[in-house]
2 protein chains.
Amino acid sequence: MPHEQIEASAGPAAASPWDDVAVRLRAGGLRWTPQRRTLIEVLREHEGHVTASELIARCKELDGTTTPSTVYRALDLLEELGLVKHGHGHDGREEYHILPQQVHGHLYCVGCGSTWEIRPETAAVIVDALASQLGFAVDLSHVTISGLCAGCHD
Amino acid sequence: MPHEQIEASAGPAAASPWDDVAVRLRAGGLRWTPQRRTLIEVLREHEGHVTASELIARCKELDGTTTPSTVYRALDLLEELGLVKHGHGHDGREEYHILPQQVHGHLYCVGCGSTWEIRPETAAVIVDALASQLGFAVDLSHVTISGLCAGCHD
DNA sequence: GATCATATCGCGAGGCGTCGCAATAGCGAC
DNA sequence: GTCGCTATTGCGACGCCTCGCGATATGATC
């Protein structure tokens with residue numbers, strides 16, 4: 001086997017936040033295991049939101065020996081590193097936001113079942129209202145707010 | 001522990017919304033069963049919010065034969081009658097609001113674990129913002145929004 | 001390459017919530 | 001009071017999520 005190729009720092013490929021997970025883990029005395037490697041592979045495939053069960057299922061496809069508890073624990077770890085962020089769907093089930101970039105909220109229409117996003121500008125109105133009136137700094141992205149969309153409302 | 005008391009028909013006691021549940025059920029072709037009677041007893045004991053497990057545990061104390069599925073199904077029914085309303089705590093677990101009167105939201109501080117209410121006036125700001133910007137009629141009471149309270153924030 | 005401390009894994013159990021099914025029992029009709 | 005329709009119950013099984021425990025394997029050190 002030839003030596004593994006070292007990524008040249010001049011490489012033009014966009015640096016992915018997943019690339020240095022191994023390093024970051026080891027820096028904290030944590031370990032880079034096959035199970036975590038698999039999970040990162042799976043996360044690379046996704047964008048936006050994924051449910052925990054979807055992640056577990058996909059990991060199991062790739063590995064077969066993956067167990068749910070391992071995935072949940074690895075996700076907790078990645079959340080501490082800021083690479084994912086968990087929230088709850090309208091029914092309380094867990095959802096993971098991959099590479100959370102901007103604050104946005106989630107809406108679920110109980111009429112038609114579709115989901116909507118609260119864009120950052122609108123979210124800001126809500127966050128500001130609660131901050132000024134209650135001094136509470138809310139994290140709108142953690143839950144899915146239910147309601148009726150324009151189409152189902154009238 | 002409150003002792004049992006037979007309700008005198010001549011009693012001028014304020015009519016409780018629970019009093020005519022039996023009638024309302026039968027009016028819809030539904031039935032008034034011992035299990036439902038027990039649940040109503042339990043609900044009479046509470047105000048505000050209760051978790052599903054608390055209700056189930058208390059029903060089991062009173063009856064012993066109560067099973068969770070029966071309680072959940074009865075709660076669904078009462079929700080259709082408008083007597084309770086379910087929501088989700090910060091961790092996604094179910095919570096029941098007893099006799100929901102006014103629209104209010106729920107806040108959970110991830111710092112200290114305390115819970116706060118969003119008063120109707122403040123809730124209105126949020127509801128209006130989403131209504132005017134997205135045409136979405138949200139139900140703020142369905143979920144618990146996480147964040148940091150004034151004390152934990154700074 | 002061998003050693004060792006310990007982070008991590010897989011397993012099993014448990015609580016929560018949902019659903020389908022066969023048996024039971026309200027309750028309206030007679 | 002009895003009958004019969006069918007709403008409801010209890011059970012069992014499942015999926016989701018968490019946790020504790022003993023066994024394993026990472027990776028730092030020599």
Side-chain angles (χ1 to χ4, degrees), chain A residues 4 20-40 49-60 62-81 84-96 113 142-144, chain B residues 20-40 49-60 62-81 84-96 142-144:
Chain A
E4 294 206 6
D20 59 351
V21 176
V23 173
R24 293 179 65 191
L25 284 176
R26 277 193 279 255
L30 307 178
R31 292 170 186 175
W32 184 234
T33 66
Q35 294 79 2
R36 289 177 185 173
R37 190 186 302 268
T38 303
L39 178 56
I40 300 297
H49 314 129
V50 210
T51 65
S53 356
E54 283 168 347
L55 291 174
I56 293 171
R58 182 73 182 121
C59 283
K60 203 161 283 181
L62 294 185
D63 189 324
T65 70
T66 324
T67 59
S69 52
T70 296
V71 178
Y72 281 112
R73 286 188 282 226
L75 285 166
D76 286 348
L77 218 51
L78 295 178
E79 186 154 11
E80 280 169 25
L81 295 183
V84 301
K85 188 164 182 325
H86 89 277
H88 297 276
H90 70 98
D91 57 356
R93 292 231 221 292
E94 291 209 337
E95 268 179 9
Y96 283 86
H142 189 70
V143 289
T144 301
Chain B
D20 58 352
V21 177
V23 173
R24 293 180 62 192
L25 284 175
R26 277 193 279 255
L30 306 179
R31 293 170 186 176
W32 184 234
T33 66
Q35 293 82 359
R36 290 178 182 170
R37 188 186 304 267
T38 303
L39 177 58
I40 299 298
H49 313 130
V50 210
T51 65
S53 355
E54 284 169 347
L55 291 174
I56 292 170
R58 182 72 182 121
C59 282
K60 204 161 280 180
L62 294 185
D63 188 324
T65 70
T66 323
T67 59
S69 53
T70 296
V71 177
Y72 281 112
R73 286 186 283 226
L75 285 167
D76 286 348
L77 218 53
L78 295 178
E79 186 154 11
E80 281 170 24
L81 295 182
V84 303
K85 188 161 179 332
H86 89 278
H88 297 276
H90 69 100
D91 57 356
R93 291 230 220 293
E94 290 209 335
E95 268 180 8
Y96 283 87
H142 189 70
V143 288
T144 301

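Letters A, B, ... mirror the listed sequences (proteins, then strands); counts begin at 1.
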Practice item. Evaluate side-chain contact (heavy atoms from CB on, under 4.5 Å) for A:Val21 paired with A:Leu78, printing each intermediate quantity in order. Key: CA-CA 9 Å; A:Val21 176; A:Leu78 295 178; 4.1 Å; yes
Atom pairs, protein N/O to nucleotides 27-30 of chain D N/O, distance under 3.5 Å:
unit_1	atom_1	unit_2	atom_2	d
D:dG27	OP1	A:Arg26	NH1	3.4
D:dG27	OP1	A:Trp32	N	2.5

To the nearest angstrom, how far is [X] atom [atom1] from [N] atom [atom2]?
X: B:Arg93; N: D:dC17; atom1: CZ; atom2: P; result: 11 Å
X: B:Leu75; N: D:dT8; atom1: CG; atom2: C1'; result: 15 Å
X: A:Leu25; N: D:dA25; atom1: CG; atom2: P; result: 19 Å
X: B:Arg37; N: D:dT9; atom1: CZ; atom2: C1'; result: 16 Å
X: A:Lys60; N: D:dG15; atom1: NZ; atom2: P; result: 10 Å
X: A:Ile56; N: D:dC17; atom1: CD1; atom2: P; result: 7 Å
X: A:Leu55; N: D:dC16; atom1: CG; atom2: P; result: 12 Å
X: B:Glu54; N: C:dG15; atom1: CD; atom2: P; result: 16 Å

A side-chain contact here means heavy atoms from C-beta on lying under 4.5 Å apart; do [X] and [Y] qualify?
X: B:Tyr72; Y: B:Thr67; result: no
X: A:Arg36; Y: A:Leu25; result: yes
X: A:Tyr96; Y: A:Glu79; result: yes
X: B:Val143; Y: A:Thr144; result: no
X: A:Trp32; Y: A:Arg37; result: yes
X: A:Arg93; Y: A:Thr51; result: no

Exercise for review: Report yes if the distance between the aromatic ring centroids of B:His88 and B:His142 is under 6.0 Å, otherwise no.
Suggested key: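 Between B:His142 and B:His88, which both carry aromatic rings, the centre distance is below 6.0 Å.
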Practice item. Answer with base, sugar-phosphate or nothing: what part of the nucleic acid does B:Gly92 contact at a heavy-atom distance below 4.0 Å? Key: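 Answer is nothing: B:Gly92 stays at 4.0 Å or more from every strand.
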Review point. With a non-hydrogen cut-off below 4.0 angstrom, is A:Ala74 in contact with a base, only sugar-phosphate, or nothing?
Key: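 No contact at all - A:Ala74 keeps every heavy atom at 4.0 Å or more from the nucleic acid.
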Practice item. Can you sort out the partners of A:Thr33 under side chain to side chain donor-acceptor pair (under 3.5 Å), two or more places apart, ordered by chain and number? Key: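 With neighbours one apart ignored, the set is A:Gln35.
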Nearest of [options] to any side-chain atom of [X]?
X: A:Leu77; options: D:dC17, C:dT8, C:dC9; answer: C:dT8
X: A:Thr67; options: D:dG10, C:dC11, C:dT18; answer: C:dC11
X: A:Tyr72; options: D:dC16, C:dG10, C:dG17; answer: D:dC16
X: B:Glu94; options: D:dT9, C:dG26, C:dG17; answer: C:dG17
X: A:Thr70; options: D:dT8, C:dC9, D:dG10; answer: C:dC9

Point to revise | Point-to-point distance, once rounded to the nearest 0.5 Å, from CG of B:Leu30 to CD of B:Glu80 | key: 8.5 Å
Review point. Toward the 5' end of DNA chain C, which comes first, B:Tyr96 or A:Asp63, by nearest nucleotide?
Key: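 In this pair, the answer is A:Asp63.
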Check your understanding: When you match B:Ala22 and B:Asp76 each to their closest nucleotide on DNA chain C, which lands nearer the 5' end?
Key ->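 First, find each residue's nearest nucleotide; the 5'-ward one identifies B:Asp76.
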Review point. OP1, OP2 of C:dG10 versus side-chain N and O of A:Gln35: anything below 4.0 Å?
Key: yes
Practice item. Treat primed atoms plus P, OP1 and OP2 as sugar-phosphate and everything else as base, then score nucleotides 19-24 of chain D 5' to 3': B for base contact with protein heavy atoms under 4.0 Å, S for sugar-phosphate contact only, - for none. Key: BB----
